[in-house]
Amino acid sequence: MGPRRIELAILPTPCHRLDLPELGSDLELWIKRDDLTGFAMGGNKARKLEYLMASVIDNGAEAVVTCGSSQSNFVRMLGAACSQLGIECHAAVMSLPYDSPAGKPSASGVGLGGNLILDELYGVRIHRFEDDDWEVLFDRAEQIAEVLEAGGKRVARIPIGGSTPLGIYGFYQAAAELTESFDWIVSASSSGSTQVGLTTAFLGTSTKVLGISCDPEPTLVRDFVELSERASSELGIPPLSLLDIRLNLDYVGPGYGVPSEAGNHALRWLAQRTGIILDPIYSAKAFAGLMDLVNKGEISGKVLFWHTGGTPTVFSDSALRL
Ligand SMILES: *Cc1c(COP(=O)(O)O)cnc(C)c1O
């Protein structure tokens, strides 16, 4: 028996073919609609939260603390789950947290509106800080947790993007929704539990899972392996090695949290062809990568694009300016 879950999403999400002959006759393209998870405007985080929130409740937590960029989809969806369950939700946010060696991207992020409006609606207590290194953001979140504990609250700390063993488990289970088999599954990747969960589920099969990274850090794959090892020891699912993880870093563009020209082009293109909305920070970059790799002949056959959501970001004030 797996870990306990509560129901938040409407599952299974739809999965359907995309008729886009422009992408070539070698390709049979399908899309998994996790933009339609049916909870708090959709997105991949609903699957992780079904397990994470069950654990928060089982631990008797009265407050959760997480962190992210100010347009974080995870903060929005965690906030929605917490308000429903009567748990206080705190988030340490920076407009554009960045990776120290690479420095802060010179291009700007996606600004106000979007998820911030929903955060307010769900009653998320936003603690806003000046842009800085990710490690500084993690420290800020820890300080908030300690202050709450000093005030007598029982606190659950939820890492960035909900990438914990339970987050992985949500995607390990999601794979079972597919009724077709695919040569490739392509999705956006960042904190890793989406990709690690899916990769684990297809280990030893002919299906290749490819993450298109939305973070520039080349050390990400090692973090994913570590995460997978923890999930394996805590939940008994198979562990991944470095060679099991396909992560492509070529489509990040100007940096994490900043739209890319190719991504926004893909976003407009897919919207106008199909009505489907991608988000500029994750899924649009992943779809741009998919189109480019198909074009180069590196991906072909029966391909599933796993749409991870992010819809509210298109309503932020500068998201579509490129
Ligand atoms: C969080 C997120 C991702 C990345 O998923 P991870 O599990 O963090 O790698 C991709 N797309 C969207 C829209 C997201 O919100």
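Sequential numbering from 1 along the given sequence is applied to the chain's residues. Just follow the structure's listing: the first ligand is 1, and inside any ligand the first atom is 1. Just so we're clear, the structure is a prediction, and the values are computed from it rather than from any experiment.
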- [ ] Could you go through the salt bridge (charged side-chain N to carboxylate O under 4.0 Å, His left out) check for Arg17 and Glu180 one step at a time?
- [x] CA-CA 11 Å; Arg17 270 194 80 160; Glu180 305 271 332; over 6 Å; no
TODO: Identify which one of Ile281, Ile277, Leu320, Leu278 satisfies the side-chain contact (heavy atoms from CB on, under 4.5 Å) criterion when paired with Thr313.
DONE: Ile281
Task: Under 4.0 Å from ligand 1 - residues by heavy atom, chain and number - done: Asn44, Lys45, Lys48, Asn73, Ala188, Ser189, Ser190, Ser191, Gly192, Ser193, Thr194, Asp279, Tyr282, Thr308, Gly309, Gly310
- [ ] Report yes if the distance between the aromatic ring centroids of Trp306 and Phe182 is under 6.0 Å, otherwise no.
- [x] no
Task: side-chain contact (heavy atoms from CB on, under 4.5 Å) partner of Pro312, the single match among Ile117, Asp119, Asn115 - done: Asn115
- [ ] Give a yes-or-no answer on whether the side chains of Asp244 and Ser241 include a donor-acceptor pair shorter than 3.5 Å.
- [x] yes
Task: With Thr219 via side-chain contact (heavy atoms from CB on, under 4.5 Å) - residues at least two apart - done: Glu217, Arg222
